[in-house]
Amino acid sequence: MTDQHATHDGEQAAASARQPLPFTERTPLIAGNWKMNLDHLQAIALVQKLAWGLSDVRHDFSAAEVAVFPPFTDLRSVQTLLAADKLSLTLGAQDVSPHESGAYTGDVSAAMLAKLDVTYAIVGHSERRHGHGESDDVVGQKARAAHAAGIVPMICVGETAEDLEQHGAAAIPVAQLTAALAHLPKDAEFVVAYEPVWAIGSGQAATPEQAQEVARALREHLRDLVGDEQAARTRILYGGSVASQNIAGFMRQPDVDGALVGGASLKVDEFTRIIQFQKHVTAG
């Protein structure tokens with residue numbers, strides 16, 4: 001057994017010996033990350049259709065929050081629609097600059113997003129980490145910038161197939177979360193999204209048991225970082241090839257509180273079925 005595996009086993013034993021976390025009702029969150037898709041007119045059409053579909057099935061937004069994350073160019077149009085029609089969808093941004101303002105061509109500041117009633121901002125998505133070389137430190141700076149502007153950072157963590165083989169489950173996500181939270185005050189609100197890089201867009205999701213193993217490790221580590229109460233109320237989402245056929249399995253896990261949905265969120269009927277996961281969980 002390697003030292004690393006011994007340490008991991010020791011941490012698991014210590015976690016199992018702890019007192020249970022205080023009971024906290026966590027409202028599930030289903031988030032649709034549109035990535036680089038849809039212009040502002042297409043965005044309006046999709047949100048209208050989604051709102052109609054959820055109205056038709058009498059979705060209870062207090063039982064499951066629904067958020068959409070359009071590209072920057074669509075945010076103003078979607079925000080105007082949500083406000084004018086008094087829709088219950090929550091608005092999120094796919095990224096945020098670590099800087100408040102200045103000579104940062106192409107960046108969008110948290111203050112600008114806050115003026116558009118943005119509630120959440122994704123930071124540390126694997127496509128930003130790997131495609132744009134964003135370090136754990138940059139991710140933490142972005143989380144801090146979002147928090148300072150009153151926006152809840154959605155901190156993405158996840159491992160590649162090579163990471164999984166070399167370090168085992170949870171090691172890399174826990175390290176990434178630790179680095180990001182070093183930039184936030186202990187009482188800051190945030191959401192964690194666990195997205196195994198090997199599952200994103202592959203059509204091959206992690207199993208519910210794999211997602212739960214990592215989510216539980218993240219929550220147990222949060223107890224050390226921010227305390228039991230904050231760990232108990234922090235929502236941990238799963239992301240990676242989420243579909244209506246597998247969402248119920250994930251949502252049955254005690255430490256999985258929602259999903260960060262990619263391509264399926266662009267298909268209104270499919271996304272609506274994912275949002276209605278409670279019917280499948282109840283029936284299962």
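Predicted model, so just to flag it, every value in this text is computed and none were measured.
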### Message
Could you check whether any side-chain heavy atom of Val192 comes within less than 4.5 Å of a side-chain heavy atom of Leu177, counting everything from C-beta outward?
### Response
yes
### Query
How close do Ser62 and Thr27 get, heavy atom to heavy atom, and via which atoms?
O-CG2, 3.7 Å
### Query
Do the side chains of Val68 and Leu50 get nearer than 4.5 Å, heavy atoms only?
yes
### Summary
Heavy atoms of Arg219 and Ala232 approach each other most closely as NH1-O, 4.0 Å
### Between Asp74 and Ser77, a side-chain donor and acceptor under 3.5 Å
no
#### Entry: Pair Arg76-Gln79, side chain to side chain donor-acceptor pair (under 3.5 Å): steps then yes or no
CA-CA 5 Å; Arg76 174 58 172 161; Gln79 179 233 357; 2.6 Å; yes
### Message
With heavy-atom distances below 4.5 Å as the criterion, would you say the side chains of Ile122 and Asn33 are in contact?
### Response
yes
### Message
Counting only heavy atoms from other residues, nucleotides and ligands, does the tally under 6.0 Å from CD of Gln48 exceed 12?
### Response
yes
### Message
Test side chain to side chain donor-acceptor pair (under 3.5 Å) on His59 and Gln276; report intermediate values, then the result.
### Response
CA-CA 7 Å; His59 177 68; Gln276 293 293 290; 2.9 Å; yes
### Task
Using distance alone, with no hydrogens and no angle criterion, decide if His125 and Glu195 have a side-chain donor and acceptor under 3.5 Å apart.
yes
### Query
Would you say the side chains of His221 and Thr178 form a donor-acceptor pair under 3.5 Å?
yes
### Task
Kindly indicate, with the supporting measurements, whether the criterion side chain to side chain donor-acceptor pair (under 3.5 Å) is fulfilled by Gln176 and Tyr194.
CA-CA 11 Å; Gln176 291 173 336; Tyr194 166 57; over 6 Å; no
### Task
Show your reasoning for whether side chain to side chain contact (heavy atoms under 4.5 Å, CB included) applies to Phe69 and Leu91.
CA-CA 6 Å; Phe69 290 74; Leu91 188 60; over 6 Å; no
#### Entry: Shortest non-hydrogen separation from Ala31 to Met154 and the atoms involved
CB-CE, 4.2 Å
### Task
Considering non-hydrogen atoms only, spot the tightest contact between Leu81 and Ile44 and give its length.
CD2-O, 3.7 Å
### Task
Kindly indicate whether the side chain of Trp52, heavy atoms from C-beta on, has any atom under 4.5 Å from the side chain of Val268.
no
### Message
Using side-chain heavy atoms (C-beta onward) and a distance below 4.5 Å, is Val108 in contact with Asp95?
### Response
no
### Task
Quick one: closest heavy-atom pair of Arg129 and Asp136, and the distance?
NH1-OD1, 2.6 Å
### Ion pair check, Arg18 and Glu220, cut-off under 4.0 Å
yes
### Query
Are Glu134 and Arg128 close enough for a salt bridge, meaning some N to O gap below 4.0 Å?
yes
### Task
For residues Val261 and Ile274, determine if any side-chain heavy atom of one lies less than 4.5 Å from a side-chain heavy atom of the other.
yes
### Side chain to side chain, Asp187 and Gln230, heavy atoms closer than 4.5 Å
no
### Message
Taking side chain to side chain contact (heavy atoms under 4.5 Å, CB included) as the criterion, tell me which of Ile155, Val152, Thr234 meets it with Val191.
### Response
Val152
### Query
What closest approach, in Å, do Pro196 and Tyr238 show between heavy atoms, and which atom pair accounts for it?
CD-CE1, 3.5 Å
### Glu209 atom CD: more than 12 heavy-atom contacts under 6.0 Å
yes
### Query
Do Leu260 and Cys156 have side chains that get closer than 4.5 Å, going by heavy atoms?
yes
